[in-house]
Number of protein chains: 2
Amino acid sequence: MKSANDILKQLREQGSRMTKTRNFIVAVFQNNNLPLAELEIRERLAKQGIKVNKTTVYRELEHLKSKNIIKDVDFGDGKKRYELNGDDHHHHLICTNCKKVEEVHVEDDVSHIEQKINQRKNFKIINHSLEFFGLCRNCK
Amino acid sequence: MKSANDILKQLREQGSRMTKTRNFIVAVFQNNNLPLAELEIRERLAKQGIKVNKTTVYRELEHLKSKNIIKDVDFGDGKKRYELNGDDHHHHLICTNCKKVEEVHVEDDVSHIEQKINQRKNFKIINHSLEFFGLCRNCK
DNA sequence: TTAACTGCAAAGATTTTGCACACTC
DNA sequence: GAGTGTGCAAAATCTTTGCAGTTAA
């Protein structure tokens with residue numbers, strides 16, 4: 001995983017300014033390696049005594065996404081979530097009972113599916129969403 | 001695919017009443033074999049001169065879902081979508097340019113992935129979401 | 001200095017709730 | 001008649017926009 005410093009350096013090189021809010025939000029993603037929604041980010045900041053306006057968080061998320069620092073992850077619950085856009089592509093196991101999120105690596109199999117689709121359909125796949133819902137070891 | 005009559009019969013047997021609105025909404029799903037959001041349903045009804053309140057549509061969607069007539073499909077755009085819950089499991093190719101939706105059948109490969117996960121993780125998968133985004137033959 | 005960033009209030013979009021009335025069975 | 005279904009208004013959530021003021025470089 002990229003260090004927070006690497007990320008901030010990358011942002012600086014792309015013309016972003018170093019602000020307190022930006023630093024803290026990047027740190028939140030570093031310290032919580034799972035998809036986060038706006039309110040969850042603000043709550044984590046609040047625990048550290050940092051008060052940020054929700055508009056600012058939404059705008060910072062758009063900004064980090066446009067710089068490819070973070071990417072969308074959708075749990076289908078109507079909230080926008082994002083996580084660090086690292087090298088390791090992974091998907092999620094989401095416990096519908098306790099809401100815990102685990103990572104799972106099945107990217108090779110998904111690429112295989114995409115190749116099959118490319119062969120059979122005249123469709124250029126750019127992206128996919130794949131999340132698994134069920135019960136974790138504690139809840140099942 | 002089940003006929004509209006089969007569906008209405010099934011609903012009747014499960015205690016649902018036959019109302020004008022329910023009949024029309026089931027027909028919309030029959031005639032549009034792709035995931036639909038609340039407003040899209042109401043627009044299709046409006047074209048037939050049928051005016052239904054949005055609250056009623058939301059409630060009917062919940063009702064049909066609880067009876068397993070329809071199921072959730074999430075395109076990650078913040079809208080709740082549903083489609084008929086037929087025998088053929090399929091996924092979708094969504095053109096990010098023209099918004100066209102195609103079906104694609106890769107359920108066998110997905111089952112294979114789920115089996116792998118069951119072996120490796122102590123997690124009981126109940127459901128998954130899998131959609132592909134990209135450019136269709138016309139837009140690429 | 002100046003372009004990027006921030007906060008606040010207000011507006012938008014989607015979905016849900018409460019309540020009175022209507023209709024199916 | 002009883003209980004399900006419907007419409008309307010209002011509220012609840014989540015997200016975006018406009019604008020004025022602040023800050024990093």
Side-chain angles (χ1 to χ4, degrees), chain A residues 5 7-28 35-46 48-67 69-82 99, chain B residues 5 7-28 35-46 48-67 69-82 99:
Chain A
N5 277 342
I7 292 175
L8 295 175
K9 188 180 162 206
Q10 180 186 334
L11 281 169
R12 217 178 290 118
E13 284 166 356
Q14 291 181 82
S16 300
R17 290 185 180 171
M18 285 304 97
T19 67
K20 208 179 58 172
T21 302
R22 178 157 296 148
N23 272 269
F24 282 128
I25 291 180
V26 167
V28 166
L36 295 172
E38 174 270 330
L39 184 56
E40 295 166 335
I41 292 169
R42 225 139 42 81
E43 284 170 351
R44 279 161 175 76
L45 292 176
Q48 306 171 52
I50 300 154
K51 196 162 154 272
V52 184
N53 188 276
K54 66 183 167 189
T55 302
T56 303
V57 175
Y58 277 114
R59 282 197 279 233
E60 187 57 26
L61 291 171
E62 266 309 301
H63 182 82
L64 294 176
K65 185 180 153 189
S66 76
K67 302 297 188 190
I69 307 295
I70 58 175
K71 65 182 173 191
D72 291 309
V73 180
D74 200 283
F75 287 180
D77 62 352
K79 291 181 194 157
K80 294 193 168 186
R81 292 172 194 280
Y82 303 86
K99 313 300 177 197
Chain B
N5 277 341
I7 292 175
L8 295 175
K9 189 180 160 206
Q10 180 186 334
L11 281 169
R12 217 177 291 119
E13 284 165 355
Q14 290 182 83
S16 300
R17 292 184 178 171
M18 284 303 99
T19 68
K20 209 179 56 172
T21 301
R22 179 158 294 150
N23 272 269
F24 282 128
I25 290 180
V26 167
V28 166
L36 295 172
E38 174 271 330
L39 184 56
E40 295 166 334
I41 291 169
R42 223 139 43 82
E43 284 170 351
R44 279 162 174 75
L45 292 175
Q48 306 171 51
I50 299 154
K51 196 163 154 273
V52 184
N53 189 276
K54 65 182 167 190
T55 301
T56 304
V57 175
Y58 278 113
R59 282 197 278 232
E60 187 57 26
L61 290 171
E62 267 307 302
H63 182 82
L64 294 175
K65 186 179 153 190
S66 76
K67 302 298 186 188
I69 307 296
I70 58 176
K71 65 182 173 190
D72 292 308
V73 181
D74 200 282
F75 286 180
D77 62 351
K79 292 181 194 158
K80 294 193 168 185
R81 292 172 195 279
Y82 304 86
K99 313 300 176 196

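Heavy-atom basis, side chains included; hydrogens, waters and symmetry copies ignored. Residue numbering restarts at 1 for every chain, and letters A, B, ... go by the order of the sequence lines.
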Qualifying salt bridge (Lys or Arg N to Asp or Glu O under 4.0 Å) pairs with a residue from residues 51-63 of chain B, counting only residues at least two apart or across chains: B/Arg22-B/Glu60
As an exercise, state the distance from [atom1] of [X] to [atom2] of [Y], rounded to the nearest 0.5 Å.
X	Y	atom1	atom2	answer
A/Leu8	A/Asn23	CG	CG	5.0 Å
B/Lys79	B/Leu36	NZ	CG	12.0 Å
A/Ile50	A/Arg44	CD1	CZ	13.0 Å
B/Glu38	B/Leu61	CD	CG	7.5 Å
A/Lys80	A/Asp74	NZ	CG	10.0 Å

Could you check whether any side-chain heavy atom of [X] comes within less than 4.5 Å of a side-chain heavy atom of [Y], counting everything from C-beta outward?
X	Y	value
B/Asp72	B/Tyr82	yes
A/Ile70	A/Val26	no
A/Val28	A/Gln48	yes
B/Ile69	B/His63	no
B/Gln10	B/Lys67	no
A/Leu11	A/Leu64	yes

Looking at D/dT6, I'd like to know if its phosphate oxygens (OP1 or OP2) sit under 4.0 Å from a side-chain N or O belonging to B/Asn53. no
5' to 3' on DNA chain C, which nucleotides open and close the contacts with chain B (atom under 4.0 Å from a heavy atom)?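 Going 5' to 3' along DNA chain C, contacts run C/dT14 to C/dC25.
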Of all heavy-atom pairs between B/Glu40 and B/Pro35, which one has the smallest distance, and what is that distance? OE1-O, 3.9 Å
For A/Ser16 and for B/Arg81, find the nucleotide of DNA chain C with the closest heavy atom, then tell me which residue's nucleotide is more 5'. A/Ser16
Which protein N or O atoms sit under 3.5 Å from an N or O of nucleotides 17-21 of chain D?
residue	atom	partner	partner atom	Å
D/dT17	O4	A/Thr55	OG1	3.4

Pair B/Val57-B/Thr21, side-chain contact (heavy atoms from CB on, under 4.5 Å): steps then yes or no: CA-CA 8 Å; B/Val57 175; B/Thr21 301; 5.9 Å; no
Pick out the pairs of N or O atoms, protein on one side and nucleotides 12-14 of chain D on the other, that lie under 3.5 Å.
none

Note down the inter-axis angle between the two ends of the helix from C/dT1-D/dA25 to C/dC25-D/dG1, five pairs each, to the nearest 10°.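 That helix has its two terminal axes inclined by roughly 30°.
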Expected list for residues 17-28 of chain A near DNA chain D, using heavy atoms below 4.0 Å, is A/Arg17, A/Met18
